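Note that this is a predicted model, so its numbers are computed, not measured. Each chain gets a letter, A, B and so on, in the order the sequences are listed, and its residues count up from 1.
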Amino acid sequence: MPDPLHLAVALERTGWHPASWRLPAARPSELLTARYWTDLVREAEAGTLDFVTIEDALGLQTDRPDGPDERTDHVRGRLDAVLIASRVAPLTSRIGLVPTATVTHTEPFHISKAIATLDYVSRGRAGWRVQVSGRAHEAGHFGRRTLPVLDPGSLNSSEAVSAIQDLFAEATDYVEVVRRLWDSWEDDAEIRDAATGRFIDRDKLHYISFDGKYFSVKGPSITPRPPQGQPLVTALAHAPIPYAFAAGSADLAYVTPGDADHARKIVAEIPIPHVFADLVVFLADTEQEARDAKDRLDTLDRTVYTSDAAIFTGTPAQLADLLLDWQAAGLTGFRLRPARLPDDLVAITRGLVPELRRRGAFRSSYEASTLRGLLGLSRPANRFLEGARVA
Amino acid sequence: MPKQIHLAAHFPGVNNTTVWSDPQAGSHIEFDSFVKLAQTAERAKFDFFFLAEGLRLREQGGQIYDLDVVGRPDTFTVLAALAAVTTHLGLAGTINSTFNEPYEVARQFASLDHLSDGRAAWNVVTSWDAFTGENFRRGGFLAEADRYTRATQFLATARELFDSWPADAVVADKDSGVFLRDGSVGGFRHTDQHFDIAGRFNVPRSPQGRPVILQAGDSDGGREFAAATADAIFSRHGTLVEGQKFYQDVKRRLPAYGRSRDSLKVLPAATFVLGDTPAEAQEKAAVVRRQQVSGATAIKLLEQLWNRDLSGYDPDGPLPSIDPDISDAHIARGRASVRMNRDPVAVAREWRSKAEAEKLSIRDLIIETTNRQTFIGTPATVAASINDLVQQDAADGFILVPHVTPGGLDEFADTVVPLLQERGVFRTEYSGPTLRDHLGLEFPA
Ligand SMILES: Cc1cc2nc3c(=O)[nH]c(=O)nc-3n(C[C@H](O)[C@H](O)[C@H](O)COP(=O)(O)O)c2cc1C
């Protein structure tokens, strides 16, 4: 029997293929409704998946690396991912909710309480996909700094490397601040002591007094320690600088290997509890149908779809084979990016999941009520507690 | 037809109005408490649910203030979750214009408006102090005098973002492959003293066009800001004379902005205690006041006026004979109300002579002079008072602040609201799905 796999689904628009919105089952005119996201997350929950992620960015979608495009044939416009997750939370009960939130232009104080609050409204199912924005046009939406245009062709220039290092150094400080704020209230800080009239024991609240190159944050948080203590911190990483960031700051990394050997090498660079591989999936009853589905969309889009992650086309059983093969390389799970919604999501929950269960590789019901619990992570001790190691 | 009353439910705050020691008092952070109060408000056909916000835990004498409720959720996140468990109730969040950026706040409010099908409202507040700034990237960067300049420019910028997508921008026609009508939609450029930003906004136009705007500042600058930009004001002036004065003051400012009197609602904060008889209500009110002002709280509230450490004083004894310290450094930090006493020495003198004349201890005096309940009576007398204040233009309605979380609105919903409905001054059904419908506000073009 293999170790059980962990499975997440990355929700984005009508699916990851840019022409997916034109398919019969797609719901492109409902992307801004709560119903759309609720239906998808409930489907994922029916398949007992560990969690969903929800994509986001502080700018309009674009197909150009250097700024917004003027395309009218792709989905444009989106809702704030933290708020989508929160809107869905009361309508689901077990699945983890992991919205994307950008660290580059935002306040660690705000994000810390937002994810903590998501943890409250979901009763311990919150996570966060930390996103660094290196996009110059997103910086223009805030007007507080300028960034060089980082296009794939110039990523190795010294200007680009130093900008990227700086962005990830800032992200490292940011996650540190968020984590300290989550711990800035001890679990039993609220005492409601009628005799002394004190609502809290203020000795159990802590200034975090973070003083760094990019910002200083005093604390404590205005939001008490969330149910999970530390909601799950996750990050997508494609290269050595982000690998180091994920290794130092995240509980779970998403990586994009091309094959099992590649996966093994990456896993060795990120010694944290969970490393998931991202895969774009087109699923069908036969391999040929899956390939045809991708070809048809590529034709509609007049472009062959490529991705930072490997693209899988095939049957759920073939995908199960591949996942178990890659798992042996040290991955603990996968974040599947459905190329088409809801089709490939349904193929995951009703095709892949039963297939993995038959092989004893996936849960048949939820075994824990928190996201950390589903991932086998304990509730961490508070870093400010006496005796705890202070980071 | 009499004026129609507007009512909102304020989630009990982090101040001594909230009686956390009541046996009925529940959690201030668990989501169930928010659900409970919001669903009660919706059952009673209230206009909206209201959340206050403060971005630094309060301190007094250099220590975190521990006598009141401490801790709250993130405003946007909890309102988005409440949208899932309510269908009509407006969802109003207090969001500061100093320690935020327009692009982010505009997309959060536009998202909330989409996710609630048109029920979002933004209470724009301006606390600028360096104390709060210590939690944010820019620190205490803003001078007090600039707080409304920034707020005005922030709101103007946010409006440009809300308006950057026409309502019909998304076509999503699968056959023709046209998703957007116009490939440059969402474009904006804004430059002023506080913001220099340009690019593309990424949230299509929301059901209300823009969130409903509330304002809660009291200064002349705050009132002018409200007259220029707000749909409703959250005020402190809930009595007849004070209310009428405030009401006239803000409504007379409207014509200068080409606005009608009805386009800005005045909604004072109000507390209440109900009883079966007027005498019983008075007795209950007195008990609640003693719960709200313990001996320890009385000393702390006195310190806020005196601006001195008074921990050595007996709450059951006389007031201090020394005068308040009027230096700039204030003993209490993180409170919007602290600067309400513009002349502390004169107020202290008044309090002292009142205490002497009426033989009041420190605690008695604080109970008498601070935040007495707005409405005390039977459901019938309270309904009559609310209606009188509205018909006599002291208010357009009230933002009710229960003193017990989360059940403190139940009795009001069950007993006072039906009487207002019988009088034909409060809705029996929602007339439309959005908060603009409830408040009778126009949809922005
Ligand atoms: C009834 C009322 C409620 C308020 N609630 C808040 C609040 O929740 N959070 C906040 O930061 N400020 C709050 N304020 C403060 C004001 O919005 C405003 O920013 C501050 O008082 C400074 O402006 P001013 O000098 O015009 O009063 C409130 C003010 C009033 C009158």
Side-chain angles (χ1 to χ4, degrees), chain A residues 21-22 26 28-29 32-34 57-60 68 70-80 82-84 86-91 105-107 109-110 113-114 116-118 120-121 137 140-143 185 190 192 194 197-200 202 205 215-220 222-224 300, chain B residues 20-21 29-31 54-57 63-64 66-74 76-78 80-81 83-85 99 101 103-104 107-108 111-112 114-115 134-137 139 165 170 172 174 177-186 195-204 294 296-297:
Chain A
W21 69 271
R22 299 184 62 184
S29 54
L32 306 172
T33 67
L58 293 171
L60 197 59
E70 305 242 315
R71 289 185 82 136
T72 58
D73 63 334
H74 285 172
V75 170
R76 293 290 180 263
R78 58 161 89 247
L79 301 178
D80 182 276
V82 173
L83 299 187
I84 291 174
S86 189
R87 177 66 174 76
V88 170
L91 306 175
H105 306 291
T106 59
E107 295 283 356
F109 194 84
H110 288 321
K113 66 184 159 63
T117 301
L118 179 62
Y120 276 103
V121 304
H137 68 275
H141 296 158
F142 292 82
W185 291 55
E190 185 181 315
R192 297 193 187 221
R198 292 176 307 146
F199 183 77
I200 50 159
R202 64 176 157 233
L205 266 55
F215 38 73
S216 299
V217 177
K218 180 80 180 176
I222 59 168
T223 306
L300 258 184
Chain B
W20 54 258
S21 57
I29 192 68
E30 297 298 336
F31 185 53
L55 295 171
R56 173 103 190 241
L57 296 184
Q63 289 189 300
I64 292 171
D66 58 3
L67 301 181
D68 295 337
V69 167
V70 185
R72 18 182 162 211
D74 179 68
F76 286 115
T77 312
V78 82
V85 295
F99 303 110
E101 296 296 336
Y103 193 93
E104 193 185 6
R107 72 190 299 273
Q108 287 168 313
S111 296
L112 179 63
H114 278 290
L115 292 169
E134 283 184 332
N135 283 335
F136 297 97
R137 285 177 182 263
W165 285 70
V170 174
K174 291 182 182 178
V178 175
F179 188 85
L180 283 186
R181 196 176 301 283
D182 167 8
S184 63
V185 71
F195 306 104
D196 181 8
I197 63 174
R200 306 271 300 274
F201 190 49
N202 68 352
V203 186
S294 65
T297 295

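For A:A114, the parts lying near chain B are the backbone and the side chain together; criterion is any non-hydrogen pair under 4.5 Å. Heavy-atom distances place the backbone of A:A57, and not its side chain, under 4.5 Å from chain B. Residue contact with chain A, scored on non-hydrogen atoms closer than 4.5 Å, involves the side chain of B:V85 exclusively. With a 4.5 angstrom heavy-atom cutoff, A:H110 touches chain B via backbone and side-chain atoms both. For a residue to count as touching a neighbouring chain, one of its non-hydrogen atoms must lie under 4.5 Å from one of that chain's; by this rule B:S21 does not touch chain A. Only the backbone of B:D68 comes within contact range of chain A, judged by heavy atoms closer than 4.5 Å. In this structure, chain A has heavy atoms under 4.5 Å from both the backbone and the side chain of B:N135. Only the side chain of B:F195 comes within less than 4.5 Å of a heavy atom in chain A; its backbone stays farther off. Looking at B:Q108, both its backbone and its side chain come within 4.5 Å of chain A, counting heavy atoms on both sides. The part of A:L91 that comes within reach of chain B is its side chain, from C-beta onward, which places non-hydrogen atoms under 4.5 angstrom from that chain.
No donor-acceptor distance shorter than 3.5 angstrom exists from the side chain of B:R107 to the backbone of A:G59, with no hydrogens or angles considered. Checking side-chain atoms of A:R22 against main-chain N and O of B:K174 turns up a donor-acceptor pair under 3.5 Å. Under the 3.5 Å distance criterion, the side-chain polar atoms of B:E104 are left unmatched by any main-chain donor or acceptor of A:T106. Using a distance-only test at 3.5 Å, with no hydrogens or angles considered, no donor-acceptor pair links the side chain of A:K218 to the main chain of B:R56. Not a single donor-acceptor pair under 3.5 Å links the side chain of B:R200 to the backbone N or O of A:L60. With A:R87 contributing its side chain and B:A81 its backbone, the two residues share no donor-acceptor pair below 3.5 Å. Checked by atom type and distance alone, the side chain of A:T223 pairs as donor or acceptor with a backbone atom of B:R72 at under 3.5 Å. Not one N or O on the side chain of B:S111 forms a donor-acceptor pair closer than 3.5 Å with the backbone of A:L79.
Of the listed residues (B:L57, B:V203, B:T297), the greatest number of heavy-atom pairs within a distance under 4.5 Å of chain A belongs to B:L57. Of the residues considered (B:L115, B:V185, B:D196, B:V78), B:L115 shows the highest number of contacts with chain A, using heavy-atom pairs under 4.5 Å.
B:N202 pairs in a side chain to side chain contact (heavy atoms under 4.5 Å, CB included) with only one of the listed residues (A:R76, A:R78, A:H141), which is A:R78.
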